[in-house]
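Before I ask anything, here is the structure I am working with.
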Amino acid sequence: MPELAEVEYYKRRWEPSLGERVVSVSLHEQNRIFRGTPTAALASQIKGTRFQQALTHGKQMVFRFGVRGWVGIHLGMAGKLLREPTASYVPHKHDHLVIQTGKACLVFRDTRYFGRVLWFYGKEDPPWWAHRGPDILSPQFSHAYFDRILDKRPGSPIKPLLLNQDAFPGIGNWMADEILWRAAIHPATRTRRLDPNDRRILYAKTREVCRAAMKVIAPDWSTPPKTWLFTHRWKDGGTCPKTGEPLLRIEVGGRTTCFSPARQGAKPKG
């Protein structure tokens, strides 16, 4: 599933059309991607407006059309955003939303139907966008804020806590593994077992990985360097790029987790 930087990458695919006027909208109105969304209102109310703004928060995207129109998109497992020249665009059966301007077609394509399209019409922020925590790279995501998150969940293993989108927007499976590997913390360690030094390092590595992902992946989907855990974690037989020892794959909080016993410990701390 796309994470922080991948979502930013796809948001940028539509940005060249900022300022363009919507000519037409086509969509698969009966598709589960539009569950609960008023598709007729979306198609009619967006037509004739200009594409004004593109924003991300964690794994969420929102695109504003005119003053009142808000299109929210969740990519799901396989969703992607495309921008194709209007003159050469060829519809694909999995193009569930196509917003056409005079210059380009803004496309949401999802071959696995796990994504979601939302619509809100109003001057205020949509309810599904208004109530969100601070971005991890924002000044509001301070060390004190991070400590409060951990203090509220003392019995939680740290890996599933990092996947909590209300607390850590944008962090998914590979990013959580990368953070804990860099911090040298076993993924099943419970938050109450983290001492002040562990917390300091974990906070720093959380922001470090988010910042690095935005720099490396977001602009053009580049593959991270081999010094990252990322390039070694995807299949059995990988080795830790820091120790050269084998990586291990276990399940923590219902999610497959890759870690380095030699670096992060064979067992959780405490």
Side-chain angles (χ1 to χ4, degrees), residues 1-6 58-59 133-217 224-270:
M1 182 178 291
E3 302 181 23
L4 181 75
E6 292 94 340
K59 297 182 180 182
D135 288 306
I136 292 173
L137 294 178
S138 70
Q140 291 73 31
F141 195 91
S142 63
H143 199 309
Y145 177 82
F146 175 82
D147 276 339
R148 288 197 296 272
I149 293 172
L150 269 58
D151 290 341
K152 288 179 181 178
R153 302 164 178 86
S156 173
I158 190 60
K159 169 67 183 282
L161 179 54
L162 286 173
L163 298 177
N164 183 315
Q165 293 304 293
D166 291 334
F168 297 96
I171 292 180
N173 210 31
W174 80 257
M175 292 185 73
D177 285 353
E178 187 78 30
I179 290 165
L180 293 170
W181 173 74
R182 294 192 187 195
I185 294 173
H186 191 287
T189 299
R190 298 190 183 276
T191 56
R192 63 170 171 263
R193 300 297 186 185
L194 299 174
D195 62 32
N197 188 57
D198 293 330
R199 288 180 172 221
R200 179 185 60 79
I201 294 172
L202 185 59
Y203 172 74
K205 296 304 179 183
T206 298
R207 287 168 61 93
E208 176 184 282
V209 169
C210 289
R211 191 176 298 110
M214 293 293 280
K215 180 179 180 180
V216 173
I217 298 172
K226 292 183 178 180
T227 53
W228 291 26
L229 178 68
F230 179 94
T231 57
H232 305 269
R233 69 179 294 276
W234 300 101
K235 57 184 179 181
D236 294 334
T239 57
C240 174
K242 285 191 178 292
T243 68
E245 297 296 319
L247 297 171
L248 186 62
R249 295 166 70 84
I250 59 174
E251 187 173 292
V252 181
R255 300 295 298 273
T256 300
T257 299
C258 181
F259 77 109
S260 169
R263 175 171 173 78
Q264 297 166 257
K267 295 181 180 181
K269 182 177 180 180

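It should be emphasised that the depicted structure is a prediction, and the values quoted were computed from it without experimental measurement.
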Check your understanding: Backbone N or O of Leu229 within a donor-acceptor pair of the Glu178 side chain at under 3.5 Å?
Key ->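 Yes; at least one donor-acceptor contact below 3.5 Å.
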Review point. Would you say Arg263's side chain and Trp181's backbone share a donor-acceptor pair under 3.5 angstrom?
Key: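 Yes, because the side chain of Arg263 sits within donor-acceptor range (under 3.5 Å) of the backbone of Trp181.
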**Study point:** Nearest atoms (heavy-atom pairs only) where Phe141 meets Ala167
**Key:**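 Looking at all heavy atoms of both residues, the shortest contact is CE1-O, 3.6 Å.
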Check your understanding: Residues in side chain to side chain donor-acceptor pair (under 3.5 Å) with Gln264, at least two apart?
Key ->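 Residues passing side chain to side chain donor-acceptor pair (under 3.5 Å) with Gln264: none at all.
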Review point. Are Arg211 and Glu208 ion-paired here, with the side-chain N under 4.0 Å from a carboxylate O?
Key: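 Judged by the 4.0 Å cut-off on N to carboxylate O distance, Arg211 and Glu208 do not form a salt bridge.
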Check your understanding: How long is the span from the OH atom in Tyr203 to the OG1 atom in Thr206, to the nearest 0.5 Å?
Key ->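 Output value for this atom pair is 9.0 Å.
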Check your understanding: Can you list every side chain to side chain donor-acceptor pair (under 3.5 Å) pair that touches residues 157-168, not counting sequence neighbours?
Key ->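 As it turns out, the side chain to side chain donor-acceptor pair (under 3.5 Å) pairs with a partner in residues 157-168, which skip direct neighbours, are Lys159-Asn173, Lys159-Asp177, Lys159-Thr257.
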**Study point:** Residue list, salt bridge (charged side-chain N to carboxylate O under 4.0 Å, His left out) with Lys215, at least two apart or on another chain
**Key:**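 So Lys215 forms no salt bridge (charged side-chain N to carboxylate O under 4.0 Å, His left out) with any residue.
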Exercise for review: Output, in order, the C-alpha distance, side-chain angles, deciding distance and verdict of side-chain contact (heavy atoms from CB on, under 4.5 Å) for Leu202 and Arg199.
Suggested key: CA-CA 5 Å; Leu202 185 59; Arg199 288 180 172 221; 5.7 Å; no
Check your understanding: Which residues pass the salt bridge (charged side-chain N to carboxylate O under 4.0 Å, His left out) test with Lys59, sequence neighbours left out?
Key ->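 Salt bridge (charged side-chain N to carboxylate O under 4.0 Å, His left out) list for Lys59, sorted by chain: empty.
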Please table the atom pairs, donor to acceptor, closer than 3.5 Å between any side-chain atom in residues 238-256 and protein atoms at least two apart or in another chain.
{"unit_1": "Thr243", "atom_1": "OG1", "unit_2": "Glu245", "atom_2": "N", "d": "3.1"}
{"unit_1": "Arg249", "atom_1": "NE", "unit_2": "Asp236", "atom_2": "OD1", "d": "3.4"}
{"unit_1": "Arg249", "atom_1": "NH1", "unit_2": "Arg233", "atom_2": "O", "d": "2.6"}

Exercise for review: Apply side-chain contact (heavy atoms from CB on, under 4.5 Å) to Leu180 and Leu162, showing your working.
Suggested key: CA-CA 9 Å; Leu180 293 170; Leu162 286 173; 3.8 Å; yes
Review point. Taking all non-hydrogen atoms of both residues, which atom of Ile217 and which atom of Pro224 are closest, and how far apart?
Key: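 Nearest pair, atom of Ile217 first, then Pro224: CD1-CG, 4.1 Å.
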Review point. What are the two closest heavy atoms between Phe259 and Gly265, and how far apart are they?
Key: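 That closest heavy-atom pairing would be CE1-O, 3.3 Å.
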Check your understanding: Donor-acceptor pair, Thr191 side chain versus Arg153 backbone, under 3.5 Å?
Key ->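 It does hold such a pair.
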Check your understanding: Of the non-hydrogen atoms in Ile136 and Pro169, which two are nearest, and what is the gap between them?
Key ->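 So the minimum-distance heavy-atom pair works out to CD1-O, 3.7 Å.
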Check your understanding: Is any side-chain heavy atom of Ile185 less than 4.5 Å from a side-chain heavy atom of Lys269?
Key ->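 No. Closest side-chain heavy atoms not under 4.5 Å.
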Point to revise | Distance in Å, Lys205 NZ paired with Cys210 SG, rounded so as to fall on 0.5 Å steps | key: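 It comes to 13.0 Å.
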Review point. Can you list the steps and then say if Met214 with Leu137 is a side-chain contact (heavy atoms from CB on, under 4.5 Å)?
Key: CA-CA 10 Å; Met214 293 293 280; Leu137 294 178; 4.2 Å; yes
Review point. Taking only residues at least two apart or on different chains, which pairs with a member in residues 134-146 satisfy side chain to side chain donor-acceptor pair (under 3.5 Å)?
Key: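 Found His57-Asp135, Ser138-Gln140, His143-Asp147.
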Check your understanding: Considering all heavy atoms of both residues, which atom of Val209 and which atom of Met175 are nearest to each other, and what is their separation?
Key ->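 Taking Val209 first and Met175 second, the nearest heavy atoms are CG1-CE, 4.1 Å.
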Exercise for review: Using a 4.5 Å cut-off on heavy atoms from C-beta on, say whether the side chain of Thr231 contacts that of Pro225.
Suggested key: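 A side-chain contact under 4.5 Å is absent here.
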Point to revise | Shortest non-hydrogen separation from Leu163 to Ala176 and the atoms involved | key: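 In terms of heavy atoms, the two residues are closest at CD2-CB, 3.9 Å.
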